[in-house]
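Every value quoted in this text rests on a predicted model; they were computed, and no experiment measured them. Atoms within each ligand, like the ligands themselves, are counted from 1 in listed order.
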Amino acid sequence: MAGAIDREIERLFGKLGKLGWSRDDCELIAPVTLEINELKREQNAIVLAHSYQTPDIMYGVGDFVGDSYGLSVKATEHPARKIVFCSVYFMGETAKLLNPEKQVLVPRRAGCSLADAVNAEQVRTLRGENPDAGIVCYVNTYAEVKAECDACCTSSNAVEVVEAMPQDEIIFLPDRLMGENLARISSRKITVWDGTCVVHEGFDVNSVRDIRERFPGVKILAHPECAPGLIAAVDFAGGTEGMLRYVAESPAQTFMLVTECGLTDRFKAEFRDKEIVGTCILCPYMKEIQLDDVLQAFKDPVPEQIIEIPPDIAARARRSLDKMFELEKAGRKLLQERGRGKLPWTAAS
Ligand code: 13P
Ligand code: SF4
């Protein structure tokens with residue numbers, strides 16, 4: 001056992017040392033990560049870790065690290081019969097919708113200021129009041145909300161989905177700022193719901209200007225949940241995986257990520273030759289999840305941690321996700337025809 005613990009400390013230090021963790025820090029968590037990794041094997045399980053999780057979760061126990069939708073899709077390709085999704089609750093629900101035959105657990109039933117901003121009843125009311133409008137929901141919604149919408153979208157395909165909707169008038173929910181970003185570039189009339197992400201609404205365009213002055217040549221990347229004024233001032237806008245691709249392919253050396261701190265950690269760990277500058281903001285919901293919660297979810301899960309979606313809601317929510325794939329394809333074709341395929345959030349229409 002001592003040998004196994006020593007090897008685990010070395011493995012952790014190899015990953016977390018780059019992020020400022022000491023060998024002592026790694027020694028403290030090694031018994032927990034070791035036990036979780038053994039339980040994964042025994043229970044034929046995988047751990048999905050969202051990029052906004054802390055590094056001990058991402059690199060200590062995560063089998064896959066990524067964005068919410070990409071991780072759920074990854075799980076469909078993996079033979080494991082159990083998924084522990086280290087993330088907020090709505091992301092666990094999406095994983096369950098895409099992996100209905102698997103057991104899906106979340107270490108904590110953590111909220112999200114966007115998902116918590118709208119419920120199914122409110123969408124039904126919107127539908128009644130706006131019978132001719134199409135309703136598109138961002139993936140940051142609960143299954144009961146997805147079930148009431150015409151199509152779902154992610155930050156990486158929102159522009160394509162909205163452009164391919166058959167209606168001229170689109171109600172976009174729950175993210176007001178993402179909706180305003182869409183309205184700026186879309187050919188559709190977009191009405192927004194008044195939800196915001198507590199992380200991305202917190203960034204100020206002045207911090208972007210300041211970083212440009214201090215670091216000539218810096219490339220600035222922002223999540224489209226940020227305000228339109230800020231999005232207009234950056235080099236790239238997109239979801240977490242889009243940012244990752246941008247940095248991997250860019251010849252630039254210095255980057256600012258206008259997003260949650262977990263992603264900044266991930267970039268520091270994975271792009272050793274690049275410099276990440278500027279500040280980030282922590283998501284209080286994502287950070288509710290601790291390593292001990294993950295261990296507990298494996299050893300003695302309580303009903304609150306096990307995701308169950310009533311079948312009728314699951315079927316309608318799944319339809320909204322399936323529609324997203326269909327519209328994404330059609331929308332990509334449309335954008336390519338208009339010459340905006342590569343930078344949908346920032347290029348003018
Ligand atoms: P992704 O969809 O890129 O995983 O982002 C999730 C999120 O919570 C953004 O704030
Ligand atoms: Fe929700 Fe924002 Fe946190 Fe993402 S970062 S989980 S959108 S509150």
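By the ring pair (Phe, Tyr, Trp, His ring centres under 6.0 Å) test, Phe298 is found to be paired with no residue, residues two or more places apart in sequence or in another chain being considered. Scanning for ring pair (Phe, Tyr, Trp, His ring centres under 6.0 Å) contacts around Phe90 gives an empty result, with sequence neighbours left out.
Inspection of the Glu148 and Gln122 side chains reveals no N or O donor paired with an N or O acceptor under 3.5 Å.
Interatomic distance, Leu12 CG to Leu28 CG, rounded to the nearest 0.5 Å: 11.0 Å. Distance check: Ile309 CD1 to Arg318 CZ gives 11.0 Å after rounding to the nearest 0.5 Å.
Under a cut-off of 6.0 angstrom, the local environment of NZ in Lys82 is crowded, with over 12 non-hydrogen atoms contributed by other residues, nucleotides or ligands.
Using bins of under 30°, 30° to 60° and over 60° for the plane-to-plane angle, the ring pair His200/Phe203 lands in the tilted bin. Taking the six-membered ring for Trp and thresholds of 30 and 60 degrees, Tyr142 and Tyr89 have ring planes inclined between 30 and 60 degrees apart.
Remark: Arg332 engages Glu328 in a salt bridge, criterion side-chain N to carboxylate O under 4.0 Å.
Around atom 2 (Fe) of ligand 2, the protein contributes the following N, O or S atoms at distances under 2.8 Å: Cys197 SG.
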Just list the N/O pairs, ligand 1 to protein, that are under 3.5 Å apart, with the distance for each.
{"from": "ligand 1", "atom 1": "2 (O)", "to": "Ser68", "atom 2": "OG", "distance (Å)": "3.4"}
{"from": "ligand 1", "atom 1": "3 (O)", "to": "Thr240", "atom 2": "N", "distance (Å)": "3.4"}
{"from": "ligand 1", "atom 1": "3 (O)", "to": "Thr240", "atom 2": "OG1", "distance (Å)": "3.2"}
{"from": "ligand 1", "atom 1": "4 (O)", "to": "His50", "atom 2": "NE2", "distance (Å)": "2.6"}
{"from": "ligand 1", "atom 1": "4 (O)", "to": "Ser68", "atom 2": "N", "distance (Å)": "2.8"}
{"from": "ligand 1", "atom 1": "10 (O)", "to": "Glu225", "atom 2": "OE1", "distance (Å)": "2.8"}
{"from": "ligand 1", "atom 1": "10 (O)", "to": "Glu225", "atom 2": "OE2", "distance (Å)": "3.3"}

